[in-house]
Amino acid sequence: MLNTVRSHINKEMGGALFSQPWRTMPGNQETLRNLKSYQPKNEQVTHVRILLHGPAGAGKSGFINSVDSVFQGRATGRALTDSISGTSFTQKYATYKIRKDPESFCSFIFNDIMGFESSYGVHEEDIKLALMGHVKDGYRFLSERRLVETDTGYNSDPTMDDRVHVLVSVVPVMSVSLLSEEIVKKMRAVRLAASDLGIPQVAILTKVDEACPKVKGNIKNVYKSKYLKEQVEKFSMLLGLPVNCIFLVKNYSSEIQTNDDCNAYILCAMNQIISLAEDSLDNPPNQPAC
Ligand SMILES: Nc1nc2c(ncn2[C@@H]2O[C@H](COP(=O)(O)OP(=O)(O)O)[C@@H](O)[C@H]2O)c(=O)[nH]1
Ligand SMILES: [Mg+2]
């Protein structure tokens with residue numbers, strides 16, 4: 001499958017580039033400083049909760065690791081593993097924090113959910129419960145049944161801190177053209193549920209290095225690649241999400257060190273995630289979101 005996609009890219013796009021990037025990056029140092037010092041203005045919340053959802057292998061854990069790497073100044077490769085046991089797939093709802101200095105953590109946290117697969121993966125309704133803050137930390141999702149109010153993993157009285165403040169869809173950029181109708185329908189349903197709850201949404205398209213030879217050769221070309229821009233526009237149409245809420249990212253996967261170029265793409269996405277969260281926390285509830 002990958003080889004078919006790659007040969008399509010090479011034949012059709014030839015790794016064509018724009019002469020100038022179509023998106024400009026905010027300065028790394030300033031963005032990092034702002035994110036480290038960020039505190040939600042809304043006093044009812046101590047942190048912004050970011051929920052990443054997407055297919056297995058999309059790069060959700062990789063993105064959390066990458067943010068951690070940017071903040072620690074080295075590729076941390078923190079072990080974030082999903083567990084598959086026996087015949088029934090279970091996935092734990094876990095919260096990940098990012099350290100900003102030896103004593104404290106950033107005012108944003110991550111959860112991730114494998115949510116698009118049809119025969120396994122977290123049920124659409126469970127994702128909606130997570131959005132509303134009804135899923136307790138440590139709950140193991142079951143593919144065969146939904147979380148119900150009588151379960152110990154059900155939080156019947158969620159605080160503002162338990163709720164999700166930004167929903168992030170994570171998809172490998174090469175998969176955008178291959179998403180089945182069923183998966184797109186599911187993604188849209190989750191997105192609509194988030195909109196109804198006033199939760200803003202962002203998408204992160206990962207593995208840009210694997211999708212375009214000119215980007216693999218030079219990571220500075222991410223926002224110059226015509227193929228990658230086309231995938232962003234396609235994904236925007238599929239999901240009904242504005243292009244300015246869709247980000248291209250190369251996660252730290254095999255690197256030992258971080259570098260300014262990869263950091264810039266990760267920080268650009270995080271900057272928008274936190275800005276949208278802050279805006280929505282500042283607005284009255286049920287205001288339409290991005
Ligand atoms: N080349 C490359 N590999 C990536 C990228 N993001 C993730 N990976 C790799 O893809 C695999 C699946 O990523 P993972 O983060 O575990 O996916 P998850 O199931 O969504 O949490 C791992 O082997 C990662 O190292 C990326 O941007 N580029
Ligand atoms: Mg994972």
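We count ligands from 1, going down the list as the structure has it; atoms in each ligand are counted the same way.
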Quick look: Ala56 vs ligand 1, heavy-atom contacts under 4.0 Å, and the answer is backbone
Given Val249, Asp112, Asp209, Val170, identify the one with the heavy atom nearest to atom 28 (N) of ligand 1.
Asp209
Closer than 4.0 angstrom, basic N to acidic O: yes or no for Lys186 and Glu182?
no
What distance do Phe108 atom CZ and His47 atom NE2 have between them, rounded to the nearest 0.5 Å?
12.0 Å
Would you mind running through ligand 1 and noting each atom that sits below 4.0 Å from a heavy atom of Gly62?
15 (O)
Say whether Lys250, considering both its backbone and side-chain N or O atoms, lies within less than 3.5 Å of an N or O atom on ligand 1.
no
Taking distance alone, with N or O pairs closer than 3.5 Å, would you say Phe63 contacts ligand 1?
no
When hydrophobic residues are tied together by side-chain contacts of less than 4.5 Å, even through go-betweens, does Met132 share a cluster with Ile109?
no
Using a 3.5 Å distance criterion without hydrogens, assess whether the side chain of His134 forms a donor-acceptor pair with backbone atoms of Tyr154.
no
If we only consider heavy atoms of Gly54, is any one of them less than 4.0 Å away from an atom in ligand 1?
no
Below 4.0 Å from any atom of ligand 1, is there a heavy atom belonging to Pro55?
yes
Rounded to the nearest 0.5 Å, how far apart are NE2 of His165 and CG of Leu51?
11.5 Å
Hey, is Glu210 touching ligand 1 through its side chain, its backbone, both or neither, going by heavy atoms under 4.0 Å?
side chain
Does Leu238 offer a backbone N or O that forms a donor-acceptor pair with the side chain of Arg188 under 3.5 Å?
yes
Atoms of ligand 1 close to Ser253 [distance to a heavy atom under 4.0 angstrom, numbered from 1]
1 (N), 2 (C), 3 (N), 4 (C), 25 (O)
Lys60, His53, Arg49 screened by side chain to side chain donor-acceptor pair (under 3.5 Å) with Asn111, the one that passes:
Arg49
Residue part near ligand 1, for Asn251, under 4.0 Å between non-hydrogen atoms
both
Among Asn65, Thr258, Asp68, whose side chain to side chain donor-acceptor pair (under 3.5 Å) with Thr76 holds?
Asp68
N/O to N/O below 3.5 Å, does that happen between Gly57 and ligand 1?
yes
